[in-house]
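Quick note on labels: first sequence line is chain A, next is B, and so on, each numbered from 1. These numbers come from the heavy atoms of this one structure, side chains and all, not from hydrogens, waters or symmetry mates.
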Number of protein chains: 2
Amino acid sequence: MGKMAARRAIERQTGVALWRQIADRIRLAISNGDYDATGMVPPETALAAEFGVNRHTVRSALAALAEEGLVRAVQGRGTMIERKERVSYPISRRTRFSQGLARQVKEIGTKLLGHRQVPASGEVAAALGLAPGSPLVELRTVSSGDGRPLSASLSYFPSERFPKMAEHYARLGSVTKAFAAQGLDDYVRAWTEIVARHADAEELALLKLSPGAIVMEAQSVNADLDGRPVEYSRTRFAADRMKLRIET
Amino acid sequence: MGKMAARRAIERQTGVALWRQIADRIRLAISNGDYDATGMVPPETALAAEFGVNRHTVRSALAALAEEGLVRAVQGRGTMIERKERVSYPISRRTRFSQGLARQVKEIGTKLLGHRQVPASGEVAAALGLAPGSPLVELRTVSSGDGRPLSASLSYFPSERFPKMAEHYARLGSVTKAFAAQGLDDYVRAWTEIVARHADAEELALLKLSPGAIVMEAQSVNADLDGRPVEYSRTRFAADRMKLRIET
DNA sequence: TCTAATTGTCTATTGATCTAGACAAGCATA
DNA sequence: TATGCTTGTCTAGATCAATAGACAATTAGA
């Protein structure tokens, strides 16, 4: 007897279509390694029985997962798992974006979507310990691992101290290196706040998510070794591709 | 001119009903403080125009939020906001459940749902540095702030070292105090991993969430000052009531 | 008291989702 | 090659979600 047993029943009339609930469950089961023994999703008829729905409903769920590139169905054989693991993103006093990911993905891509000068809003000013309206450099970036988008960020830096942030980042592709180019050799994470919610339309597009997906939004402040804030950022992680690991 | 401007359009045919997407947006806007000026949600007709849907669809969304107790509609007046803020849960080297929450909620409730002896599964054994199958005490608890469920936990303790964990916890209502009663005066958080996903049926019931809601699941290990793990736990937070704050 | 703004209720219609059943087509293995 | 298992496709009907419009009921303010 395997671990099977009836999975918990899914909910009807909740505003979330059954096929989407089932897709979410299967996605979770895949990343939990429930199907590692065979490398395949159970047959559609078995899934239909397990969830107590019609086979067509399961097919809609699998079609959505195939669309994401998570599984691939082959007539006559079954539905194979193409990708499974979540990337672990470490958060610690010395959080550096690329470093922690380097061991888990072959190729890390960072893309600068845009940059501009903005006056600090109340919230950002407070986080950076500046007067509201102080000039900031804003960077909008998207990062990916092996071609899959993992996170989208909005970062703010004090313009007076780091006037060339955008240029350096565009050239070097790294905040750490851009800081170094402007005379800041070391910095530490002061705090991070994490919230989870449904992705909005912009995030769906940037992270190539399917509608209804979840993002984890981390707001964080980095400071130099004297404790002066040097960066405030809002990073949104694709929740089904990432986990956050906090080392304390 | 206020901040209004057309909000980003919502997505159709995604497997998530429009009324649920709108409910999620309004819930987010409330916790962001967008409606603090009036303490009221905009009129149904205004919301319908903003989201580009029929008024009845907005009404479904508001009905769901009223069901959660987040808003209350009064005929002729409008729809008032009853509750808004997210509770911030601090995670640091010295993470203690009650301490961080005490300032934000008047009354903290912890409830022991059940306890039992279980052999350690592979994953839990690895986290605690024990041999698979080692005896553990499992505690199932739910915690709430001012009457609203905030988190549900599964905690595991090595039976050999803490044989009376369940009894002490039941009496004292606190893991920290139960440790102290068994001779462990201090412990620290070794690591925490955070994932966000849709709540399953059990979590919906335990945390009194509406279907389709999001939970943040934190897996963590606490260790004594010699670095020996003393607790492994899986805590699921109601994502729309909590944010996690990491101090590094 | 009258009016405007707001929520509450009803009916009707359209489109999306889910169920049900049947059969075709491709793959693996005896 | 023959058989069984699996995915692919089609049709038809039932239920849920969303639109549309009309009007009632309540509140606040002129």
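Evaluation of the side-chain contact (heavy atoms from CB on, under 4.5 Å) rule for A:Val221 yields A:Ala127, A:Ala190, A:Trp191, A:Pro229, A:Tyr232 as partners, not counting sequence neighbours. Evaluation of the side-chain contact (heavy atoms from CB on, under 4.5 Å) rule for A:Ser220 yields A:Arg189, A:Thr192, A:Ser233 as partners, not counting sequence neighbours. Scored by the salt bridge (charged side-chain N to carboxylate O under 4.0 Å, His left out) test, B:Arg197 finds B:Glu203, B:Glu217 as partners (sequence neighbours excluded). Checked against side-chain contact (heavy atoms from CB on, under 4.5 Å), B:Pro132 has the following partners two or more places apart in sequence or in another chain: B:Ala125.
The side chain of B:Trp19 lies closest to D:dA17 when the candidates are C:dT6, D:dA17, C:dT19.
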What are the atom names and distances for every N/O pair under 3.5 Å that joins the protein to nucleotides 25-27 of chain C?
from, atom 1, to, atom 2, distance (Å)
C:dG26, O4', A:Gln75, OE1, 3.2
C:dG26, N2, A:Gly76, O, 3.2

Below 3.5 Å between N/O atoms, which protein atoms pair up with nucleotides 1-3 of chain D? Just atom names and distances, please.
none

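Among the atoms of the strands shown, only primed sugar atoms or phosphate atoms (P, OP1, OP2) are found under 4.0 Å from some heavy atom of A:Thr79. Looking at heavy-atom distances under 4.0 Å, A:Ser60 makes no contact with the nucleic acid at all.
A close approach under 4.0 Å does not occur between any side-chain nitrogen or oxygen of B:Arg59 and OP1 or OP2 of C:dT7.
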Please step through salt bridge (Lys or Arg N to Asp or Glu O under 4.0 Å) for the pair B:Arg140 and B:Glu202, ending with a clear verdict.
CA-CA 12 Å; B:Arg140 298 197 310 128; B:Glu202 183 196 17; 3.7 Å; yes
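Residues A:Leu209 and A:Val215 form a side-chain contact, since some pair of their non-hydrogen atoms from C-beta on lies under 4.5 Å apart. Between B:Glu50 and B:Leu47 there is a side-chain heavy-atom pair separated by less than 4.5 Å.
Remark: P of D:dT7 and CZ of A:Arg72 are 13 Å apart, rounded to the nearest angstrom.
Below the 3.5 angstrom threshold, one finds no donor paired with an acceptor across the side chain of B:His56 and the base of D:dA17.
Judged purely by atom type and a 3.5 angstrom limit, B:Ser88 has no side-chain atom pairing as donor or acceptor with the backbone of B:Arg245.
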